[in-house]
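Single-structure report; data block below.
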Amino acid sequence: MKLFTSLKFALLAAITSVISISAHPDDVSGLYALVKRRMPSHSNAFIFNLSTTASSDVDTFKMRDASHDEGDGNANIYIECTTISACARGLYTYVTEFGGVDIWWTGSRLDQLPYKLPIVNEPITRSAIVPYRYFFNTVTFDYTTAFYTFDDWSLLLDWLALRGVNLPLAWVGYEHILIEVFREVGLNDAEIASFMSGPAFQAWNRFGNIQGSWSGDLPTQWINDQFALQKQIILRMVELGMTPILPSFTGFVPRALHNLYPNASIVNGSQWAGFPSVYTNDSFLEPFDPLFANMQKSLIDKQIAAYGSVSHIYTLDQYNENNPYSGDLGYLQNVTSATFASLRAADPEAIWLMQGWLFYSDETFWTTERVQAYLGGVPGNDSMIILDLYSEAQPQWERLSSYFGKKWVWCELHDFGGNMGFEGNFVNVTAEPLRALTSPGSSMIGMGLTPEGMEGNEIIYDVLLDQAWSPTIIDRTLYVSSWASRRYYVSDLPSSAVNAWEILGATVYSNRDPSSQATLKSILELAPALSGLVRTGFSPTLVFYDTNTTIVPALRMLIQAGYESKSLLNIPEFKYDLVDITRQLLVNRFITLYETLVATYASNSSSSATIATVSQPLLQLLRDLDELLLTNDYFLLGRWIGAARRLSYGNTSYAALLERNARNQITLWGPTGEINDYASKQWGGLVGGYYMSRWETFADYLVETKANGAAYNATAVANAMLEIGEQWNSQTWGLTVGWESVGDSWSVVQALATKYT
Ligand SMILES: *[C@@H]1O[C@H](CO)[C@@H](O)[C@H](O)[C@H]1NC(C)=O
Ligand SMILES: *[C@@H]1O[C@H](CO)[C@@H](O)[C@H](O)[C@H]1NC(C)=O
Ligand SMILES: *[C@@H]1O[C@H](CO)[C@@H](O)[C@H](O)[C@H]1NC(C)=O
Ligand SMILES: *[C@@H]1O[C@H](CO)[C@@H](O)[C@H](O)[C@H]1NC(C)=O
Ligand SMILES: *[C@@H]1O[C@H](CO)[C@@H](O)[C@H](O)[C@H]1NC(C)=O
Ligand SMILES: *[C@@H]1O[C@H](CO)[C@@H](O)[C@H](O)[C@H]1NC(C)=O
Ligand SMILES: *[C@@H]1O[C@H](CO)[C@@H](O)[C@H](O)[C@H]1NC(C)=O
Ligand SMILES: *[C@@H]1O[C@H](CO)[C@@H](O)[C@H](O)[C@H]1NC(C)=O
Ligand SMILES: *[C@@H]1O[C@H](CO)[C@@H](O)[C@H](O)[C@H]1NC(C)=O
Ligand SMILES: *[C@@H]1O[C@H](CO)[C@@H](O)[C@H](O)[C@H]1NC(C)=O
Ligand SMILES: *[C@@H]1O[C@H](CO)[C@@H](O)[C@H](O)[C@H]1NC(C)=O
């Protein structure tokens, strides 16, 4: 009997989970679950009321203190809202502005809410300034979330929901359904396998930039596990009031489709990033071929069967860094009109979402009239959403007349390849979206974040999502102060901690230099060479601020704060920031040491012994940096590789494949270094192992050539570096250090701060 009852409950739970995934829940149970998950000791403190009577067309919440007869009588805070997302934002407003705590990429501190909750007093009403708050770049799914478990997703989705995001991309597990569609049209498994890319490279396969895998075929277990993970992700997104943007059929197909359908219109896409054609020039089934519509319908039907009817918004990119077969205006218009027709045939309410990066990156191809023709193939203005992908630095909406009336989202990109240097443009990410929204004829409908990777600089992302709920431009000084206060949440927070952030806010996060519009890379992550390392423009390395008047005083103040309040040292984000700022100090100092080495080598009066001497502090800096990074869990190579390997559940050959993917992405990026060091990281284990051995080899080479009088041979150096890369890529994790942090951040930071300032 007891067994029967629990089985009945389990069945009921299964049925309700299917039902709730197949439609937007009209209840707020997902928010109560979030409160239980993140602040269990306050699980009855909030009342959410999704008020269907409110007639606002923008998301709005009202928050006030609860009265005694509301909820179970113990509730403190009452939040009424027009959408689930608005209630989540209301909860966030309470925990951050009244509770003084927040949830971060590094973890949730919402359980640190005061036991006795502060009162709200005057009721608060707030509205979003845009209907959509968007999140993700297609490539974030590789640079950051490639090896996420559902626990990792759960943290990230709570972070999103609380900040009011209601439109996230949902790419995980796409391949499972795509492969079924490929089989259906007659492709065999070997033909399909030659098309699919490895676990850390799926985004570029989805974009049609690459095909195949240079580190072993995509394992069946990966395909199945990711599909199961996607079901959990979609369910959670919907519960939290978000509309997942689902994949669709793009047209990129295995080469062999041409043999099965010799008359089908299949063309080759362009070569991407210098990859050999076996890995690029993907075959593209042109959308006006009837087979395209059939495959689209099949894919969307299967997707609805798997996830329910949860969304009508589909992501679909055909020409991201991949130029069309023809630039003819009629051709471009035919492509989109047929593509859109295929979406509508499969889902009568389909809306097409695309990343607008191509209009910037291939601006010479994408002239105004070609963009107009391409977008013009889609009827009406409400059938499409374009992500203006890099709005903080290279907005395209003005050049393209607000996308000729089509809807678009103002996006902050900021981070290329998950690089880690400090950078931000506070004015542009606050004032510019408001300017775009209020510009005459604007068809902007959202604000969002499209980072390639998520590696630090969190403040510059937070502020954009906060700006999405503020009709006036956010004041930087006030913002930074309250941000730092809730990040460190101790009652006796020394003013020096806030001042440290005010300095960063006014300098590295107020970058006005148009030649450095993204996170900085450090030259120590690049393959050593005598020239070409210090650069501006895309993926810049030239430091645009004076380290001595920015990083140095900020670090000193943070250290002082650590002395004044010992409780700060128990706060994970405080320790993270100490390590992060010290990291930035060291990598900036590296440039001077490198320039000294190069100048010494160039000088006719220097000897091999002098070269050896000046290379010592450079190599020592790498050792120091590695020691620093190894003290914190968030700066470990082992965290990335470990996350990859853990997905294999002990299958050693699968673990090795995952590891090859993890290693290759952050180093060679391609079978032979096609975009070498693009996704480089400053991680403990990587700096002391990989980068160290490159710089040692380089220093030895300089000493040797100086000694024997041989001319510097740039090709030989580049080849040697590539060889080190290939060797490192073929290793399997066996080190005893780097899985877990070692050493004490606080003492290492103080020693290095003294040494390098
Ligand atoms: C929810 O809000 C509506 C509209 O303001 C109100 O009529 C209703 O009583 C509220 N429900 C609860 C449970 O507070
Ligand atoms: C392809 O087209 C040619 C010429 O129109 C025709 O003879 C042939 O039967 C077609 N092949 C297929 C597989 O449809
Ligand atoms: C596409 O590329 C393949 C493989 O390199 C080649 O065999 C084929 O001829 C190309 N197709 C077209 C239409 O250019
Ligand atoms: C690949 O694309 C490039 C253009 O980007 C083209 O020159 C080359 O011929 C293509 N190769 C194949 C095999 O299609
Ligand atoms: C566009 O499609 C129409 C209708 O199918 C066709 O007549 C026309 O030739 C196509 N134009 C181009 C440039 O491909
Ligand atoms: C800020 O935005 C403006 C307007 O789009 C742009 O011209 C400028 O280059 C941006 N500044 C930086 C540093 O990216
Ligand atoms: C779309 O927007 C443009 C620009 O505002 C406008 O000229 C056009 O009439 C709109 N189209 C439709 C179908 O509403
Ligand atoms: C910055 O400080 C370092 C270390 O004190 C010093 O060597 C360097 O000259 C200073 N640089 C500038 C630009 O002031
Ligand atoms: C070093 O010597 C070479 C050849 O003797 C000469 O071309 C070069 O200008 C000299 N460099 C310096 C920095 O004196
Ligand atoms: C282990 O993984 C490999 C590679 O994906 C796979 O071929 C093999 O079947 C797996 N072995 C087991 C026992 O699952
Ligand atoms: C430079 O090194 C490359 C690769 O080792 C070699 O092929 C080339 O001959 C060298 N050039 C000179 C001038 O020695």
Side-chain angles (χ1 to χ4, degrees), residues 185-187 190-197 205 208-214 251-295 318-319 322-328 331 335 422 503 507-508 513 516 520 522 534 541-557 559 581-597 599-600 614 616-618 620-621 624-625 671 674 749-757:
V185 297
L187 291 159
E191 291 162 344
I192 295 170
S194 72
F195 175 73
M196 313 309 291
S197 299
N205 185 235
N209 298 135
I210 60 170
Q211 59 179 345
S213 173
W214 47 92
F252 297 109
V253 292
R255 279 264 189 273
L257 196 74
H258 172 70
N259 308 332
L260 291 170
Y261 300 85
N263 292 349
S265 317
I266 298 175
V267 294
N268 285 350
S270 48
Q271 183 189 29
W272 188 70
F275 275 70
S277 67
V278 59
Y279 292 127
T280 185
N281 287 103
D282 291 23
S283 294
F284 180 60
L285 173 64
E286 295 186 294
F288 32 79
D289 193 286
L291 187 55
F292 185 99
N294 291 346
M295 292 173 80
Q318 298 168 319
Y319 300 125
N322 185 4
N323 279 341
Y325 180 71
S326 158
D328 183 273
Y331 177 83
V335 165
F422 288 168
I503 290 179
T507 58
V508 302
D513 178 354
S516 266
L520 292 193
S522 166
V534 183
T541 58
L542 186 71
V543 180
F544 59 89
Y545 51 86
D546 174 7
T547 303
N548 289 359
T549 58
T550 56
I551 306 293
V552 170
L555 179 57
R556 287 198 177 131
M557 284 178 193
I559 291 173
I581 299 175
T582 311
R583 172 197 61 70
Q584 194 65 52
L585 170 67
L586 265 64
V587 304
N588 291 359
R589 291 294 190 236
F590 188 86
I591 296 188
T592 318
L593 299 176
Y594 165 78
E595 282 170 344
T596 304
L597 176 62
T600 309
V614 297
Q616 280 321 306
L618 178 141
Q620 185 55 43
L621 186 145
D624 290 341
L625 178 59
E674 278 73 7
V749 162
Q750 288 178 81
L752 295 179
T754 308
K755 181 169 174 184
Y756 289 96
T757 60

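Every number for a ligand or one of its atoms is a count from 1 in the order of the listing.
- Under the 3.5 Å distance criterion, the side-chain polar atoms of Tyr261 are left unmatched by any main-chain donor or acceptor of Ile266.
- Partners of Gln616 under the side chain to side chain contact (heavy atoms under 4.5 Å, CB included) rule, at least two apart in sequence or in another chain, are Leu619.
- Residues passing the side chain to side chain contact (heavy atoms under 4.5 Å, CB included) test with Ser516, sequence neighbours excluded: Asn511, Asp513, Leu520, Pro540, Phe544.
- Atom numbering of ligand 3 starts at 1 in the shown order; those under 4.0 Å from a heavy atom of Asn268 are 1 (C), 2 (O), 3 (C), 8 (C), 10 (C), 11 (N), 12 (C), 14 (O).
- Residue Phe275 forms a side chain to side chain contact (heavy atoms under 4.5 Å, CB included) with just one option from Asn281, Thr280, Asn209, and that option is Thr280.
- With sequence neighbours left out, Ser522 forms a side chain to side chain contact (heavy atoms under 4.5 Å, CB included) with Leu524, Glu525, Val587, Gln682.
- Residue Arg255 places a heavy atom under 4.0 Å from ligand 3.
- The aromatic rings of Phe288 and Tyr331 sit perpendicular, their planes meeting at an angle over 60°, well past the 30° parallel limit.
- Enumerated by chain and number, the residues approaching ligand 2 to less than 4.0 Å through a heavy atom are Asn263.
- Remark: ligand 8 and Asn548 share an N or O pair separated by less than 3.5 Å (distance only, no angle test).
- Side-chain contact check for Gln318 versus Phe284: some heavy-atom pair is nearer than 4.5 Å.
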